[in-house]
Participant: 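Got a structure for you, written out below as structure tokens; questions coming shortly.
We count residues from 1, following the sequence as given. Indexing begins at 1, ligand by ligand and atom by atom, following the structure's order. Just so it is clear, the values below take in all heavy atoms, side chains as well, and ignore hydrogens, waters and symmetry mates.
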Amino acid sequence: MKIRNCLNPSQPCFSFEFFPPKTDAGVASLLRTVEELAPLNPGFVSVTYGAGGSTRDRTVDLVTHIKKHTGIEAMAHLTCVGHTRDELRDVLRRLDAARIENLLLLRGDPPQGQQTFEPVPGGFRYAEELVRFVREEDFNFCLGGACYPEGHVETASREDDLKHLKAKVDSGMDFVVTQLFFDNAFYFDFVERARRAGINVPIVPGIMPITNYEQVQRFTRMCGATVPMRLALQMERVKDQPDAVVQLGVAHATVQCMELLARGVPGIHFYTLNKSPATRMIVSALRARS
Ligand code: FAD
């Protein structure tokens, strides 16, 4: 199933993102999480692509396994980091042979210790080039990419970022998924600006339920997302009570999702961090309501 066909405001699809664990025990635990989330009937799940090393093979193995053994549509992420064109073609062939139909194509972050992104010789500098490459090769993938309601951390301005997103989409993307955000106003404003700029593909909001306050502070520092003052203060008050943090995080994300659905989003992509309880609670609440 091509994901572009399940992104529909009249029947929005929920999707879950996982990352490839480093150990076999981690993989076993992730597969249990997938099983726990399967009854929620996700439109698809996705597995991120690591910065290097063995977890990259695990992305291919995991999407193959999930699709084959659970029947859930599984999308592989793929980045430009450290790969030549030939290596990328190789990964694409493996994914195609495993009947993976959907890819999220990304540039990737600069490897640790590097301030700016430098492509390897024979590789790509921007996600747009990777999209163009996949379209030029003899594949038939449905392609997604990333977008940033609050602007990408490296960009000089949101206008520049949008201009680059438009070029990336025009090079052959079917949909985009947003970076996590905690204030829906950023998403609605972004969608409006994107539509005005002629970006017409579905823009799927990415939601991460807060389950650990320190972790969220780390993530938001890295990706530039803002925690609204009110939520930050509420979190500060309960930060030493792990259950209260989860309850607040789930409540906030549920309210966010309810508003997004009421305003006609085509789907919601959950950053699960390989855990099921928070996402299960939110999606169950949303389903109970519809
Ligand atoms: P690009 O679209 O290439 O943009 C990168 C920067 O370059 C932006 O600032 C953009 O404005 C600028 N730019 C783009 N084109 C041009 C141009 N022609 N000229 C000048 N500037 C330009 N990372 C991983 O390592 N693995 C993953 O699996 C992964 N999954 C992700 C999933 C989602 C939904 C999101 C939102 C992010 C994910 N990331 C992942 C993180 C992502 O790799 C980083 O945010 C990375 O820094 C940018 O990737 P991109 O594909 O958005 O890059």
Participant: Could you go step by step and tell me if His83 and Tyr49 meet the ring pair (Phe, Tyr, Trp, His ring centres under 6.0 Å) rule?
Facilitator: CA-CA 12 Å; His83 275 320; Tyr49 202 67; 5.8 Å; yes
Participant: Would you say ligand 1 has an N or O under 3.5 Å from any N or O of Leu106?
Facilitator: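 Such a contact does not occur with ligand 1.
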Participant: Quick check with a 6.0 Å cut-off and a 45 degree axis cone: is Arg107 positioned over the face of Phe124's six-membered ring?
Facilitator: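 Relative to the ring axis of Phe124, which defines the angle, Arg107 lies outside at least one limit.
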Participant: In terms of side-chain geometry, is the basic nitrogen of Arg93 or Asp90 positioned less than 4.0 Å from the acidic oxygen of its partner?
Facilitator: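 So Arg93 does not pair with Asp90 through a salt bridge.
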Participant: Is Gln115 atom CD crowded by more than 12 heavy atoms from other residues, nucleotides or ligands, each under 6.0 Å away?
Facilitator: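 No, not enclosed.
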Participant: Just distances here: any N/O of Asp161 and N/O of ligand 1 closer than 3.5 Å?
Facilitator: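 By distance alone, the answer is yes.
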Participant: Quick check on contacts: which atoms of ligand 1 are under 4.0 angstrom from a heavy atom of Thr79?
Facilitator: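 Going through ligand 1 atom by atom, the ones under 4.0 Å from Thr79 are 24 (C), 25 (O), 26 (N).
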Participant: If you measure every N or O of Glu154 against every N or O of ligand 1, does any of those distances drop under 3.5 Å?
Facilitator: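 The answer is no, given that Glu154 and ligand 1 share no N or O pair closer than 3.5 Å.
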Participant: Considering heavy atoms of the protein only, find what lies nearest to atom 21 (N) of ligand 1 and give residue, atom and distance to 0.1 Å.
Facilitator: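 Looking only at protein heavy atoms, the one closest to atom 21 (N) of ligand 1 is His164 CE1, 3.2 Å.
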Participant: Any non-hydrogen protein atom below 4.0 Å of atom 4 (O) of ligand 1?
Facilitator: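 For atom 4 (O) of ligand 1 the answer is no, since every protein heavy atom stays at 4.0 Å or beyond.
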Participant: Polar contacts were defined as any N/O atom of the residue lying under 3.5 Å from an N/O atom of the ligand; does this apply to Thr178 and ligand 1?
Facilitator: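 There is no such contact.
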Participant: Taking atom types as modelled, find out whether Ser284 and Arg280 have a side-chain donor-acceptor pair closer than 3.5 angstrom.
Facilitator: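 Result is no, nothing qualifies.
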Participant: Does Tyr271 come within less than 4.0 angstrom of ligand 1, counting non-hydrogen atoms of the residue?
Facilitator: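 Tyr271 counts as a contact of ligand 1 under the 4.0 Å cut-off.
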Participant: Is Thr48 close to ligand 1, meaning an N/O of one under 3.5 Å from an N/O of the other?
Facilitator: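 Between Thr48 and ligand 1, no N or O pair is found under 3.5 Å apart.
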Participant: Applying side chain to side chain donor-acceptor pair (under 3.5 Å) as the test, list every pair that has at least one member in residues 9-18; sequence neighbours left out.
Facilitator: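 Every side chain to side chain donor-acceptor pair (under 3.5 Å) pair that includes a residue of residues 9-18, provided the two are not neighbours, is Asn8-Ser10, Ser15-His269, Glu17-His269.
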Participant: Could you tell me the residue and atom name of the protein heavy atom closest to atom 20 (C) of ligand 1, and the distance to it rounded to 0.1 Å?
Facilitator: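 Scanning the protein heavy atoms, the shortest distance from atom 20 (C) of ligand 1 goes to Tyr126 OH, 3.2 Å.
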Participant: Looking only at heavy atoms, is any part of Lys168 under 4.0 Å from ligand 1, and if so is it the side chain, the backbone, or both, or is it neither?
Facilitator: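 It is the side chain that gets close, since no backbone atom is under 4.0 Å.
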Participant: Measuring only between side-chain heavy atoms, which start at C-beta, is Val204 closer than 4.5 Å to Val265?
Facilitator: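 Not in contact.
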Participant: Does the residue Ala51 have a heavy-atom contact with ligand 1, meaning some pair of atoms that are separated by less than 4.0 Å?
Facilitator: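 The answer is no: ligand 1 sits nowhere under 4.0 Å from a heavy atom of Ala51.
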Participant: Among protein heavy atoms, which lies nearest atom 8 (C) of ligand 1, and at what distance?
Facilitator: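 The answer is His152 ND1, 3.2 Å.
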Participant: Is the shortest side-chain heavy-atom distance between Phe182 and Thr226 below 4.5 Å?
Facilitator: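 No, every pair of side-chain atoms sits at 4.5 Å or beyond.
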Participant: Regarding Arg132 and Glu128, does a basic nitrogen lie under 4.0 Å from an acidic carboxylate oxygen?
Facilitator: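 Yes, charged N to carboxylate O under 4.0 Å.
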Participant: Does anything in residues 177-193 pair up under side chain to side chain donor-acceptor pair (under 3.5 Å), and if so which pairs, sequence neighbours excluded?
Facilitator: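 Those involving residues 177-193 are Asn184-Gln256, Asn184-Glu259, Asp189-Arg193, Glu192-Arg196.
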Participant: For atom 51 (O) of ligand 1, which protein heavy atom lies nearest, and how many Å away is it?
Facilitator: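 The protein heavy atom lying closest is Arg107 N, 2.8 Å.
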Participant: Salt bridge between Arg94 and Asp57, side-chain N to carboxylate O under 4.0 Å?
Facilitator: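 So Arg94 pairs with Asp57 through a salt bridge.
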Participant: Look at ligand 1 and say whether Phe117 reaches it with a heavy atom at a distance under 4.0 Å.
Facilitator: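 Judged by the 4.0 Å heavy-atom criterion, Phe117 does not count as contacting ligand 1.
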Participant: Looking only at distances, can you tell me whether any N or O atom of Asp109, backbone or side chain, sits closer than 3.5 Å to an N or O atom of ligand 1?
Facilitator: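 Yes, at least one N or O pair falls under 3.5 Å.
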Participant: Give me the residue, atom name and distance of the protein heavy atom closest to atom 42 (C) of ligand 1.
Facilitator: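 Residue, atom and distance for the closest contact: Tyr148 OH, 3.7 Å.
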Participant: Inspect the contact between Arg135 and Asp174 and indicate whether a charged nitrogen and a carboxylate oxygen are less than 4.0 angstrom apart.
Facilitator: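 A salt bridge links Asp174 with Arg135.
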Participant: Within this structure, what is the CG-CD distance for the pair Leu180 and Glu150, rounded to the nearest 0.5 Å?
Facilitator: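 Those atoms lie 8.5 Å apart.
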Participant: In the protein, what heavy atom is nearest to atom 36 (C) of ligand 1, and what distance, to one decimal place, separates them?
Facilitator: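 Going atom by atom, the protein heavy atom closest to atom 36 (C) of ligand 1 ends up being Ala146 CB, 3.4 Å.
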Participant: Report the nearest protein non-hydrogen atom to atom 26 (N) of ligand 1: residue, atom name, distance rounded to 0.1 Å.
Facilitator: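 Protein heavy atom with the smallest distance to atom 26 (N) of ligand 1: Tyr49 O, 2.8 Å.
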Participant: Where is the nearest protein heavy atom to atom 32 (C) of ligand 1: which residue, which atom, and how far?
Facilitator: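 Here the nearest protein heavy atom works out to Leu104 CD2, 3.5 Å.
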Participant: Under 3.5 Å between any N/O of Glu17 and any N/O of ligand 1: does that happen in this structure?
Facilitator: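 No.
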Participant: Is Gln179 close to ligand 1, meaning an N/O of one under 3.5 Å from an N/O of the other?
Facilitator: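 N/O-N/O distance under 3.5 Å: no.
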Participant: Any nitrogen or oxygen of Cys147, side chain or backbone, less than 3.5 Å from one on ligand 1?
Facilitator: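 Such a contact does not occur with ligand 1.
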Participant: State plainly whether the residues Glu236 and Lys239 are in salt-bridge range, i.e. N to O under 4.0 Å.
Facilitator: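 Between Lys239 and Glu236 there is a salt bridge, with a charged N closer than 4.0 Å to a carboxylate O.
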